[in-house]
Amino acid sequence: MTREMDYALRILRALHREEQLSAAEIAQRESIPKAITVKILKKLHTAGVVSSRRGSSGGYLLERSCEELYLWDLFQALGETVLVNRCQRSGYQCEARPEDGCGICRELTRIQAVLDRELRQTPLSAMF
């Protein structure tokens, strides 16, 4: 998990606890540099995870509740791919056994399927 993903989780935790917060308030509460907070909020806004309101009483708020958001959604919003190994990439051709893949690739593919399923089943609210 990247530092950006960790920060994104903390940003969403802050918004889960409060209905609306400014980027500065989120940064302070979660001890994240403000510039990074703003950068991640832009990605989350583009992905439809958060919305923003302008003005003196503005700020960011969740577009969907954390009961409806899953870790998988957050990885997708940030454009991150969760792969156990490179052999899980689409179209990967095993160098050891190009015809049917090797036992390592098969086992890692099985583990990848379990990981993907768990990421899709864990709502953020369970973590917060």
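Nothing here was measured: the structure is a model prediction, and the numbers come from that model.
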**Message:** If we check side-chain contact (heavy atoms from CB on, under 4.5 Å) with Leu74, which of these qualifies: Leu69, Leu12, Leu119?
**Reply:** Leu12
**Prompt:** Do Leu61 and Arg53 have side chains that get closer than 4.5 Å, going by heavy atoms?
**Reply:** yes
**Request:** Verify, without hydrogens or angle tests, whether Gln112 (side chain) and Val84 (backbone) share a donor-acceptor contact under 3.5 angstrom.
**Result:** yes
**Request:** Not counting sequence neighbours, which residues clear side-chain hydrogen bond (donor to acceptor under 3.5 Å, both in side chains) with Ser52? List them please.
**Result:** none
**Request:** Before giving the answer on side-chain contact (heavy atoms from CB on, under 4.5 Å), spell out for Thr37 and Tyr7 the whole-Å C-alpha distance, their side-chain angles and the decisive distance to 0.1 Å.
**Result:** CA-CA 8 Å; Thr37 301; Tyr7 287 158; over 6 Å; no
**Fill in**
Residues pairing under ring-ring contact (aromatic ring centres under 6.0 Å, His included) where one sits in residues 12-46, two or more places apart or in two chains, turn out to be His16-Phe128
**Request:** Please confirm whether the backbone N or O of Ser22 pairs with a side-chain atom of Glu25, one donor and one acceptor, at under 3.5 Å?
**Result:** yes
**Request:** Grab the two heavy atoms, one from Leu9 and one from Met1, that are nearest each other, plus how far apart they are.
**Result:** CD1-CE, 3.8 Å
**Asked** Under 3.5 Å, side chain of Glu68 to main-chain N/O of Pro123, donor-acceptor pair present?
**Response** no
**Asked** When you look at Lys39 and Lys42, which way does the side-chain contact (heavy atoms from CB on, under 4.5 Å) test go after all the steps?
**Response** CA-CA 5 Å; Lys39 176 185 166 194; Lys42 285 180 183 177; 5.9 Å; no
**Request:** Kindly work out whether a path of hydrophobic side-chain contacts (I/L/V/M/F/W/Y, heavy atoms less than 4.5 Å apart) joins Leu78 to Val50.
**Result:** yes
**Item:** Nearest atoms (heavy-atom pairs only) where Tyr60 meets Leu15
**Value:** O-CD2, 3.2 Å
**Prompt:** Checking side-chain contact (heavy atoms from CB on, under 4.5 Å) for the pair Met5/Leu71: CA distance, chi angles, key distance, verdict?
**Reply:** CA-CA 10 Å; Met5 179 66 166; Leu71 283 171; 4.3 Å; yes
**Request:** Taking all heavy atoms of Ile32 and all of Arg10, pick out the closest pair and write down the distance.
**Result:** CG1-NH2, 3.7 Å
**Prompt:** Sub-3.5 Å donor-acceptor pair from the side chain of Glu4 to the main-chain atoms of Ile40, do we have one?
**Reply:** no
**Residues Ser65 and Glu67: side-chain donor-acceptor under 3.5 angstrom** = yes
**Item:** Leu21 with Val38, same ILVMFWY side-chain cluster at under 4.5 Å
**Value:** no
**Request:** Evaluate the side-chain proximity of Gln121 to Tyr70: yes if any heavy-atom separation is below 4.5 Å, no if none is.
**Result:** no
